[in-house]
Protein chains: 2
Amino acid sequence: MARAATTSDAFNAVAEPRRREILNYLALQERPVGEIVASLGLEQPSVSKHLRVLRGVGLVHVRREGRRMLYRTNAEALRPLHEWTKTFERFWQHQLSRVKERAEAKAMALEKA
Amino acid sequence: MARAATTSDAFNAVAEPRRREILNYLALQERPVGEIVASLGLEQPSVSKHLRVLRGVGLVHVRREGRRMLYRTNAEALRPLHEWTKTFERFWQHQLSRVKERAEAKAMALEKA
DNA sequence: ACACTACATTCCTATATGGGAATATGTCAA
DNA sequence: TTGACATATTCCCATATAGGAATGTAGTGT
């Protein structure tokens with residue numbers, strides 16, 4: 001079997017950096033495709049294709065306004081990602097405290113010197 | 001161009017569900033490959049290949065102990081993912097409060113009836 | 001109907017994948 | 001060294017890209 005489809009879930013969809021940029025861009029306001037193209041400097045067909053993937057996993061909502069399509073990020077669809085990574089939070093907090101300890105130890109050593 | 005390599009960053013590496021399972025499994029304790037195989041019910045070569053990808057992006061650390069290789073999750077490498085999703089947190093909090101508002105409005109309507 | 005704008009889709013291709021099967025590598029024990 | 005165990009790698013293949021180029025489709029104004 002090949003790799004899972006980009007449309008199989010949010011994890012696969014956001015693996016592509018441009019799609020993350022698009023989600024960032026559409027987080028605050030809905031925007032027509034043309035503005036995404038202009039702002040992110042991508043080709044229009046490329047943007048349309050990325051948007052199709054994002055729509056496929058519910059990461060964006062669309063609304064038609066005349067001949068323009070207004071897209072906006074649906075942050076809710078990112079929650080599974082956030083929740084999953086969150087379960088590891090305590091581990092890097094431990095890591096951080098170790099780093100802190102070392103930094104403190106070093107500071108103490110310097111004080112002594 | 002094709003899709004970015006699974007080894008290009010953590011986002012691509014964790015797009016694969018089995019790799020996420022492995023990371024979950026290795027979060028608390030280091031484990032030899034054989035235990036991962038037994039616990040997750042995957043083929044041994046498959047596990048080795050997934051571990052190679054995870055190592056490639058620093059998501060696991062390895063240590064040899066005799067003929068066994070002990071792997072453990074390096075949660076630190078998941079921080080970029082967590083940080084990125086975190087920037088969207090406030091949006092679904094808004095969403096939630098709107099849901100709450102609606103629920104409350106509904107409750108009030110029922111009281112009146 | 002026509003031209004024009006805004007998007008979407010299709011066709012093409014190089015590339016990377018994940019699984020299965022088989023095989024290679026590395027380490028210990030006798 | 002030989003054998004057994006633990007893990008890694010290789011080979012093969014069906015499948016899914018992402019980008020570029022070209023084309024299709026829908027809505028607007030005249």
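Order of the sequence lines sets the chain letters (A, B, ...), proteins ahead of strands, with each chain counted from 1.
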For atom [atom1] of [X] and atom [atom2] of [N], their distance in whole Å:
X     : N      : atom1 : atom2 : result
A:E43 : C:dA8  : CD    : P     : 15 Å
B:E16 : D:dT17 : CD    : P     : 14 Å
A:L70 : D:dA26 : CG    : P     : 19 Å
B:Q44 : D:dC5  : CD    : P     : 14 Å
B:K49 : D:dC12 : NZ    : C1'   : 10 Å
B:L54 : C:dG18 : CG    : P     : 10 Å
B:R52 : C:dT25 : CZ    : P     : 15 Å
A:E65 : D:dG27 : CD    : C1'   : 12 Å

Original post:
Checking B:T85 side chain against B:L81 main chain: does a donor-acceptor pair fall under 3.5 Å?
Top reply: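 Checking the backbone N and O of B:L81 against the side chain of B:T85, a donor-acceptor pair under 3.5 Å is found.
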Original post:
Just by modelled atom types, is the B:I36 backbone N or O under 3.5 Å from a matching donor or acceptor in the B:S39 side chain?
Top reply: no
Which of these nucleotides, [options], is closest to any side-chain atom of [X]?
X     : options               : value
B:R3  : C:dT17, D:dA16, C:dC7 : D:dA16
A:R55 : C:dG18, C:dT9, D:dA8  : C:dT9
B:R19 : C:dA8, C:dG18, D:dT7  : C:dG18

**OP:** Indicate whether the side chain of B:N12 and that of B:R19 have a donor and an acceptor atom separated by less than 3.5 Å.
**Re:**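 Per modelled atom types, B:N12 and B:R19 side chains form no pair under 3.5 Å.
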Original post:
Do any side-chain nitrogens or oxygens of A:T6 fall under 4.0 Å of OP1 or OP2 in D:dT17?
Top reply: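 Yes, within the criterion.
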Original post:
Would you say A:Y71 reaches C:dA6's phosphate, i.e. side-chain N/O to OP1/OP2 under 4.0 Å?
Top reply: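 So the side chain of A:Y71 is outside the cut-off, no N or O lying under 4.0 Å from OP1 or OP2 of C:dA6.
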Original post:
If you pin B:M69 and A:R67 to their nearest nucleotides in DNA chain D, which one's is more 5'?
Top reply: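 Upstream on the strand: B:M69.
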Subject >> Along DNA chain D (nearest heavy atom to each residue), the more 5'-positioned of B:V62 and B:M1 >> reply: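 Its nucleotide being nearer the 5' end, the pick is B:V62.
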**OP:** Using a 4.0 Å heavy-atom cut-off across all strands, classify B:P45 as base, sugar-phosphate, or nothing.
**Re:**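 Touches a base.
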Original post:
Checking all strands, does B:S46 fall into the base, sugar-phosphate, or nothing category for heavy-atom contacts under 4.0 angstrom?
Top reply: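 The residue B:S46 makes sugar-phosphate contact but no base contact.
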Original post:
Going hydrophobic residue to hydrophobic residue with side-chain gaps under 4.5 angstrom, can you get from A:Y71 over to B:W92?
Top reply: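 Yes, one cluster joins them.
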Original post:
Would you call B:K86 and B:E83 a salt bridge, using N to O less than 4.0 angstrom?
Top reply: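 No salt bridge links B:K86 with B:E83.
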